[in-house]
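Have a look at the structure below before the remarks.
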2 protein chains.
Amino acid sequence: MIRVVLVDDHPVVRSGIRAMLAGQPDVELVGEAATGEDGVELARRLAPDVVLMDLQLGAGIHGSEATRRIVALGGPRVLVLTTFDTDADILAAIDAGATGYLLKDAPSDDLHTAIRSAAAGSSALAPSVASRLLGRVRAPDTTLTPRELEVLGHVAAGLGNRQISREMFLSETTVKTHLVHIYAKLGVDSRTAAVAAAIRKGLIRPS
Amino acid sequence: MIRVVLVDDHPVVRSGIRAMLAGQPDVELVGEAATGEDGVELARRLAPDVVLMDLQLGAGIHGSEATRRIVALGGPRVLVLTTFDTDADILAAIDAGATGYLLKDAPSDDLHTAIRSAAAGSSALAPSVASRLLGRVRAPDTTLTPRELEVLGHVAAGLGNRQISREMFLSETTVKTHLVHIYAKLGVDSRTAAVAAAIRKGLIRPS
DNA sequence: GCTGGAATACACCTTTTGTACGATGTGGCG
DNA sequence: CGCCACATCGTACAAAAGGTGTATTCCAGC
């Protein structure tokens, strides 16, 4: 029997996960918490096999910080739950020692298999997302320089080259040069396509 | 018995709402949909009393657009589900005829009372949103036509005008005409700025 | 049966953007 | 020191996008 603790600030999500796990004979939901602090405390006290951790907790410590503390306990594996796979802090959670991550809109089968492989200690990420994550982390040359990222941010904000040049105290030519490099690295050939690609890869945050 | 249809792209959320409604004697969940299109179709066919509508649907039409179409049917009341009450498009949903809105992190009691008051025809707006509604002057026509939304979606995907024209079986000039209208409605003057504005207003999905 | 929005389409012109050559300076590193 | 990535600027040209004006069709609403 795999003992699971769930940490999520949304009652709806907790209820949904609870319902999804209810039908599983080899999984038992032993505790729920709405905040990171409570989650850490619960993990310490109940020593579950797996902790399902939401990243965007409304109040208190962030999910990745809670993950770090739970991993430090030594026992439980942490599976990160997140709404968007474009989320930049998935990497932070992995870095904090999360065993894997799951999209909240994943079908319930993915949830079950992910829990089981996490409990089994396999540090492999969920199959459906593993390739995407790996592709993002070690993609060929998607490493934009700081300056290029800055330019890309302004492009995504809808600024033209001249506006960007003024904003960054550059000549328009330099902005263009940066853009050429950005296009090459992202494999696109227009500013709008670059924004689309950057959002898809989580290089910039849409807001 | 209040008949309810649920529209949300997240299986976890659907499962959670379903579990929350299961214990209610006077509420019956008669249908679920994962996309706006399916939701509209379901509302048309089942003629429920209340439709629970998520705003951020992963693919297809936006929740506010689905709300508009369902309200146009005449029968069902639409109760909007949203993750953050800072969401800009709550107003769009209210404008589209939603009876009220509900935060996803609301306790289950709130959900039940909101459903009942929606079914009774009275609107359930949280104070914070109500005040913002009062303080806001009528936004100048940000309602894009379906065709314009379609064009905007392709623009956000990074396509050029010619590619869009081929994709939609149009002439390039027609695409341009649509874009001119889109720019006017969004208050911008370039395709990239339009994408930025559309993402900020939740008109299109980033990913 | 008229009005008006939506969708379609074109011409003409200006501005912006992308591309293709360059070029210089700086800082880190083997 | 020499190499290289990064950042900076230039000119010139081609392609794409944006701006303005006009026009037709269709369909819904008054």
Side-chain angles (χ1 to χ4, degrees), chain A residues 138-198 203, chain B residues 40 44 61-62 64-65 68-74 95-97 138-198 203:
Chain A
R138 48 195 67 150
D141 255 9
T142 35
T143 45
L144 299 183
T145 68
R147 211 60 173 155
E148 287 164 355
L149 262 181
E150 202 176 341
V151 170
L152 184 56
H154 285 125
V155 170
L159 300 184
N161 290 344
R162 186 164 306 155
Q163 292 170 286
I164 297 175
S165 73
R166 283 179 190 147
E167 196 77 26
M168 294 177 65
F169 304 103
L170 295 176
S171 84
E172 205 176 325
T173 318
T174 307
V175 176
K176 285 187 176 185
T177 307
H178 284 311
L179 279 176
V180 168
H181 295 154
I182 292 171
Y183 296 161
K185 287 180 178 176
L186 295 182
V188 299
D189 57 359
S190 82
R191 61 204 299 104
T192 318
V195 171
L203 296 178
Chain B
V40 173
R44 198 190 55 72
I61 63 175
H62 194 258
S64 59
E65 174 58 25
R68 189 181 313 279
R69 298 187 190 175
I70 290 175
V71 168
L73 295 175
D95 186 60
R138 193 113 187 89
D141 214 6
T142 44
T143 48
L144 299 182
T145 68
R147 209 63 172 155
E148 287 164 356
L149 263 180
E150 201 175 341
V151 171
L152 184 56
H154 284 125
V155 170
L159 301 184
N161 290 344
R162 186 165 305 157
Q163 292 171 287
I164 297 174
S165 73
R166 283 180 191 146
E167 195 78 24
M168 295 177 65
F169 304 102
L170 295 175
S171 83
E172 204 176 324
T173 48
T174 305
V175 175
K176 283 188 175 184
T177 308
H178 283 311
L179 280 176
V180 168
H181 296 153
I182 291 172
Y183 296 160
K185 287 179 178 177
L186 294 182
V188 299
D189 58 358
S190 81
R191 60 206 296 104
T192 320
V195 170
L203 295 177

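All heavy atoms count here, side chains included; hydrogens, waters and symmetry mates do not. Chain letters run A, B, ... following the sequence lines, proteins first and then strands; every chain starts at 1.
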- Does the side-chain hydrogen bond (donor to acceptor under 3.5 Å, both in side chains) test come out yes or no for B/Thr192 and B/Ser190, once each step is laid out? CA-CA 6 Å; B/Thr192 320; B/Ser190 81; 4.5 Å; no
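- Counting all heavy atoms, side chain and backbone alike, B/Ala196 lies closest to A/Ala156 at CB-O, 3.1 Å.
- No side-chain donor-acceptor contact under 3.5 Å links A/Arg191 to the backbone of B/Arg191.
- Side-chain atoms of A/Leu152 and A/Glu148, non-hydrogen and from C-beta on, never get closer than 4.5 Å to each other.
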- Query: If the sugar-phosphate is the primed atoms plus P, OP1 and OP2 and the base is the rest, what is the B/S/- string for nucleotides 5-22 of chain D, using protein heavy atoms under 4.0 Å?
  - Reply: -SSBBBB----SBBSB--
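- The side-chain heavy atoms of A/Arg147 and A/Met168, taken from C-beta on, include a pair separated by under 4.5 Å.
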